[in-house]
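Contents: one structure, followed by commentary.
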There are 2 protein chains.
Amino acid sequence: MQPAPPGNRAEVRTKGRTISRQVLADHVYEELLASLMDGRLEPGAVVSIDGTARELDVSPTPVREALARLEHTGMVRRVALKGYRVAPVFTREDFAELMEARLAIEPVNARLACARVTSEHLAELDRAVADLKTAPRGPSFAEYRDYLEADERFHRLIAEQTGNQFMVAAYAALGGQVQRFRLFGGVGITDAEYAIAEHQSVLDAFATGDPEMAAAAMADHVKKVRGRAIADAPAG
Amino acid sequence: MQPAPPGNRAEVRTKGRTISRQVLADHVYEELLASLMDGRLEPGAVVSIDGTARELDVSPTPVREALARLEHTGMVRRVALKGYRVAPVFTREDFAELMEARLAIEPVNARLACARVTSEHLAELDRAVADLKTAPRGPSFAEYRDYLEADERFHRLIAEQTGNQFMVAAYAALGGQVQRFRLFGGVGITDAEYAIAEHQSVLDAFATGDPEMAAAAMADHVKKVRGRAIADAPAG
DNA sequence: CATGATCAAATCCTATAGGACCGGCCAAAG
DNA sequence: CTTTGGCCGGTCCTATAGGATTTGATCATG
């Protein structure tokens, strides 16, 4: 996984071999992110700095740094002198807004990416769709985690294949993977068959190399996701 | 100013009066942001944690927290165990990518905002355009700072008036105000007359209440900004 | 019963100290 | 003269300590 590049490892070159080191704050960041995504930290819950430090057996300093980074992703909110809390649950309005934003960004990404697609890109997209098809879709978190990961990976690959750092940033600002987990956590996947077919359509459009067709397929997919999820949204 | 909501103040309610408090990390954040925008910190320069702490007469802890937040904005980059550096200068390709992204997002913002515009919104936009017209445009930083601030405020207002938190986040991910400063720092404003007229056109479209016209005016503006800036771009 | 004061524990926030690592400088050896 | 090795200052990173603040409970009072 690797949702939002949390930190950066230091490539230490020593005696020809290069080892990769990582500071504690990065580890704390990843730990907190995992807790947020698999539901161990529920929306609205307080995330105590000292408590997290004790739990992870580190000092509060790296925890502060990790939380400061997390805040900018929207996963946690901070109030000065009061601490951090997990962001509240998604409402139906939040979901509608997210889809509106995705509809503005993702078809553009598809058009740009398709215009400069390579066989390597196609192979990566194909792998994501294949993973989508083979991933289990049971009710427990562990069972749909891989599905959501493949779903997000497909869309993120397209954003990255635009070669435009700002389109990647804009896509990442929508929360990418994380929002998926928060939306569907506890509900499970109900529309996998449809979603897989739509992803396949996008992939087919990429294979033809027609940017407009790719954009149309992506727009179609996002609209249908919106329609299905509003029909049986978890939160009103 | 208030570019990217850095931290959050604690609203302390005491005896009917509510005072707003703020922790040191927020102050450091704002101080660093100001240094970045007015050129005191040049692209590529190292931002030492301990050094900044001494300079601002605080301990390194709040500086670490402020820098962790700044990193997520793309203004500074971090390498584990080596510290922070100001992000490198904008190349012509970077600028083209930024405009491509703005072209994908800002016309949509204009359409959404126009569809639900109020007289208060119009007044705010009108004030931004008025400030744009009256702001000095001399060669030194202090003289075009207000101009850039009004420019960015105009666009940010439209993003906020969409009422869509994710469109705001996507717009903010593009760097908003900050990129303007980094692009034009040291160059000055050369296209103010044209830009002001284009902003006025967008405002006029908002006044008519036609979302499609607003989107078209905004798209026209962004395209023309791209054209002019590529013609006399500071960095090749 | 409702309301406000008081106090203790938890928590946030900041400063300080020290370990680990890097880079420059200089002296000594080859 | 070149190179090697050690020293030293700077920096990052983490832990710890203590002050400031919030929170929640307990208790007194109208």
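Numbers restart at 1 for each chain; the letters A, B, ... are given by sequence-line order, proteins then strands. Quick note: numbers below take in every heavy atom, side chains included, and nothing from hydrogens, waters or symmetry partners.
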Side chain A:Arg116, main chain A:Gln161, donor-acceptor under 3.5 Å: yes
Test item: B:Arg85 side-chain N/O and B:Gly44 main-chain N/O as donor-acceptor pair under 3.5 Å: yes
Rounded distance (Å) that lies between atom C1' of C:dG23 and atom NZ of B:Lys82: 10 Å
Worked check of salt bridge (charged side-chain N to carboxylate O under 4.0 Å, His left out) between B:Glu160 and B:Arg156: CA-CA 6 Å; B:Glu160 290 168 355; B:Arg156 178 161 42 82; 3.7 Å; yes
Interatomic distance where CG belongs to A:Leu81 and P belongs to C:dC13 [whole Å]: 5 Å
Touch class at under 4.0 angstrom, heavy-atom based, for A:Ser48 against every strand present: sugar-phosphate
Salt-bridge present (A:Arg137, A:Asp191; N to O < 4.0 Å): no
Ring geometry between A:Phe166 and B:Phe90 (parallel below 30°, tilted from 30 to 60°, perpendicular above 60°): tilted
A:Asp50 CG - D:dG19 P separation (whole Å): 16 Å
Whole-Å distance separating the CZ atom of B:Arg85 from the P atom of D:dC12: 11 Å
Whole-Å gap separating C1' (D:dC12) and CG (A:Leu24): 13 Å
Under-4.0 Å side-chain N/O to phosphate OP1/OP2 contact, B:Ser59 with C:dA15: yes
Paired and unpaired positions of DNA chain C as dot-bracket, Watson-Crick or G-U wobble under 3.5 Å, | denoting a partner strand: ||||||||||||||||||||||||||||||
Candidate nucleotides C:dA15, C:dT11, D:dC13, ranked by approach to the side chain of B:Pro62 - the nearest: C:dA15
Residue A:Arg78, side-chain atoms from C-beta onward, closest of C:dT14, C:dC13, D:dT14: C:dC13
Value in whole Å for how far the P atom of D:dT11 lies from CG of B:Leu67: 14 Å
A:Ala80 side chain, from C-beta outward: closest of D:dT16, C:dC13, C:dT16: C:dC13
Distance, rounded to the nearest Å, where B:Tyr84 contributes OH and D:dG10 contributes P: 22 Å
Whole-Å gap separating P (D:dT14) and CG (A:Asp57): 13 Å
Under 4.0 angstrom between A:Arg54 side-chain N/O and D:dT16 OP1 or OP2: no
Within 6.0 angstrom of B:His121 NE2, more than 12 heavy atoms from elsewhere: yes
Polar side chain donor-acceptor pair, A:His199 to A:Asp151, under 3.5 angstrom: yes
Presence of A:Arg64 side-chain N/O under 4.0 Å of C:dC12 phosphate oxygens OP1/OP2: no
